[in-house]
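Written out below as structure tokens is the structure these notes cover.
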Protein chains: 2
Amino acid sequence: MSSFRSSDDMHDRCVHCIGRVDSICNAIEDCDLAVLASESSKMTVSGGRSFIDEGSPAHDFFVVTGGRAKLFTLLPDGRRQVTGFAEGGDFLGLAASDSYAFSAEALGGVSLCRFPHASMQRLTARFPNLEHRLREEASRELALMQARMTLLGRKTARERLATFLIERCQGPHRAAPVLKQPIEIDLPMPRTDIADYLGLTIETVSRTFSLFRREKLISVRGITHITLLDPERISAIADGME
Amino acid sequence: MSSFRSSDDMHDRCVHCIGRVDSICNAIEDCDLAVLASESSKMTVSGGRSFIDEGSPAHDFFVVTGGRAKLFTLLPDGRRQVTGFAEGGDFLGLAASDSYAFSAEALGGVSLCRFPHASMQRLTARFPNLEHRLREEASRELALMQARMTLLGRKTARERLATFLIERCQGPHRAAPVLKQPIEIDLPMPRTDIADYLGLTIETVSRTFSLFRREKLISVRGITHITLLDPERISAIADGME
DNA sequence: CAGACACCTTGACCTGGATCAAGTGTGGCG
DNA sequence: CGCCACACTTGATCCAGGTCAAGGTGTCTG
């Protein structure tokens, strides 16, 4: 942190940040943004680099301010479970007691805002509303995980991939997707990560994509670019309705 | 709520409760227990009855004060994922935004302490520490779920059951189990629930128990009563180390 | 103490997805 | 423009765990 910056600069750093709108920082008033900025620091992580290590002492929280990251856990023999993907506005670090319960790795360049636990403690002491906001965030995540467990424990490969596609459709601010017409989405993560996210192998993911393509449920252009041709039916498949 | 009870009675209701030690109620000082009691109410649910319904508006939090419950989600065609078992001291209801993300059903009689959201709001306003405690609870749960996802997405049946057995060993206050000598545990839930918890079928659970028995890893007396004969090795299996 | 019900175990067989093994783009770079 | 490297796709085969179908076992009831 450059201590010679004016309080106005600090304020500016937060006021135009995506976290200001989408993330926990919206628990704080405009006039207090300088305090928020002074308790946090910006950082960037380049693709493939990890910035949270499962099992290491949890010292910081993070807000993703740009780019994407994947979150995952490992078994001793290398089996991997991707537990989530994070993008602009997402808050990371709640899933930890003393040490982090997951690792996080940049998916092609992320920018982050880092809040040391001590800073967060000062912030929550000063802005009680923030603590409530953190709990809210944890509750939202907890509800999502409930659905993820059902996916991993009980859904078929077909249903898992359909669920994944529908998940990727939600607009900004996590709005529910409109399923009436075709939807274009990007899949910025490699197939391997999709497989590890869905508890499948890369081959099964690939085959199931091909299947969906042959059934005219989706069309694929250039690996990362996918159009859901019949979102409603995909959504039905996701819910195990066919 | 019986409004004619004296404040002392109210105090007594909380002071000897298991939640006082183990659960979120330990965020509140002895002298304030009457307030806590006045914002909550006791209730009991008999075996097989459900008291939280997935998708219904989330109005209450619960502390389990006795007995056990299972938490689960359903797919439209009836496939079930048990997402957890709750017992004395556990706090329920965080996994919800507007509506509950799971259902909860008594496993042979539970007693509960119910906190309507409005009451909890008054309590957190008065005892800021409580809000922090709730977040802590959510974080603990979030960390557990991370491990659960790895189990469901990446572990074999053998590893899942071993993990389940080790989980059941933790002493009071969630202390880490001592694995050096045999450990006796009770499994108060039917095999069906274990299967739905581990993302397996009842047959596979049964077969794997028999396998463990033949390998002298466990001994079974009367279905619910199990002794882990070699906890250390079971723990190794659980972690995918053999 | 028989009979019934609920739950668990075991066996035989099947299958969805894993594993193993080639291909087939496609983007980067000389 | 051509070659390489890497990521994805596709095909052939295999197997862990699911499904289907009998038996056990314990417990409650009359």
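Just so it is clear: chains get the letters A, B, ... in the order the sequence lines come, proteins before strands, and each one is counted from 1.
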Problem set entry | Atom CE of Met43(B): over 12 foreign heavy atoms under 6.0 Å | yes
Exercise. Can you name the closest pair of heavy atoms from Val82(B) and Met149(A) and give their distance?
Worked result: O-CE, 4.5 Å
For this session: Indicate yes or no for a side-chain donor-acceptor contact from Asp90(A) to the backbone of Glu87(A) under 3.5 Å, with no hydrogens or angles considered.
Result: yes
Exercise. Can you list the steps and then say if Glu54(A) with Thr73(A) is a side chain to side chain donor-acceptor pair (under 3.5 Å)?
Worked result: CA-CA 7 Å; Glu54(A) 181 180 359; Thr73(A) 61; 5.0 Å; no
List the atom pairs, with distances to 0.1 Å, where a side-chain N or O of residues 213-223 of chain A and a protein N or O form a donor-acceptor pair under 3.5 Å, not counting sequence neighbours.
residue	atom	partner	partner atom	Å
Arg213(A)	NH2	Ser210(A)	OG	3.3
Glu215(A)	OE1	Arg158(A)	NH2	3.1
Glu215(A)	OE2	Arg158(A)	NH1	2.9

Problem set entry | Donor-acceptor pair, side chain of Ser111(B) and main chain of Gly66(B), under 3.5 angstrom | yes
For this session: Give, ordered by number, those residues of residues 192-201 of chain B having at least one heavy-atom distance below 4.0 Å to an atom of DNA chain D; if nothing qualifies, reply none.
Result: Gly199(B), Leu200(B), Thr201(B)
Exercise. Is a donor on one side and an acceptor on the other found under 3.5 Å between the side chain of Gln81(A) and the backbone of Leu74(A)?
Worked result: no
Exercise. Where does the angle between the aromatic ring planes of Tyr197(A) and Phe85(A) fall among parallel (under 30°), tilted (30 to 60°) and perpendicular (over 60°)?
Worked result: tilted
Show me the protein contacts with nucleotides 24-28 of chain D, counting only N or O atoms at under 3.5 Å.
none

For this session: Report yes if some heavy atom in the side chain of Leu165(A) is under 4.5 Å from a heavy atom in the side chain of Phe212(A); otherwise report no.
Result: yes
For this session: Would you jot down, in residue-number order, the residues of residues 202-217 of chain B having a non-hydrogen atom under 4.0 Å from DNA chain D?
Result: Glu203(B), Thr204(B), Arg207(B)
Problem set entry | Span of DNA chain C, from the first to the last nucleotide whose atoms fall under 4.0 Å of chain A heavy atoms | dG17(C) to dC20(C)
For this session: Answer whether the closest heavy-atom distance between the side chains of Asp239(A) and Leu75(B) falls below 4.5 Å.
Result: no
For this session: Could you check Thr208(B), Val205(B), Leu198(B) and say which one makes a side chain to side chain contact (heavy atoms under 4.5 Å, CB included) with Arg160(B)?
Result: Leu198(B)
For this session: Using atom types as modelled and distance alone, determine if a side-chain donor or acceptor of Ser56(A) lies under 3.5 Å from a backbone N or O of Ile52(A).
Result: no
Exercise. Which of residues 146-158 of chain A have a heavy atom under 4.0 Å from DNA chain D?
Worked result: none
Seminar exercise, completed: Between Arg80(A) and Arg154(B), the two heavy atoms sitting closest are O-NE, 2.9 Å
For this session: To the nearest Å, give me how far apart CZ (Arg191(A)) and P (dT10(D)) are.
Result: 11 Å
Exercise. Can you tell me how far P of dT19(D) sits from CG of Asp77(B), to the nearest Å?
Worked result: 11 Å
Exercise. If you take all heavy atoms of Ile18(A) and Gly89(A), which pair is closest and at what distance?
Worked result: CG2-N, 3.9 Å
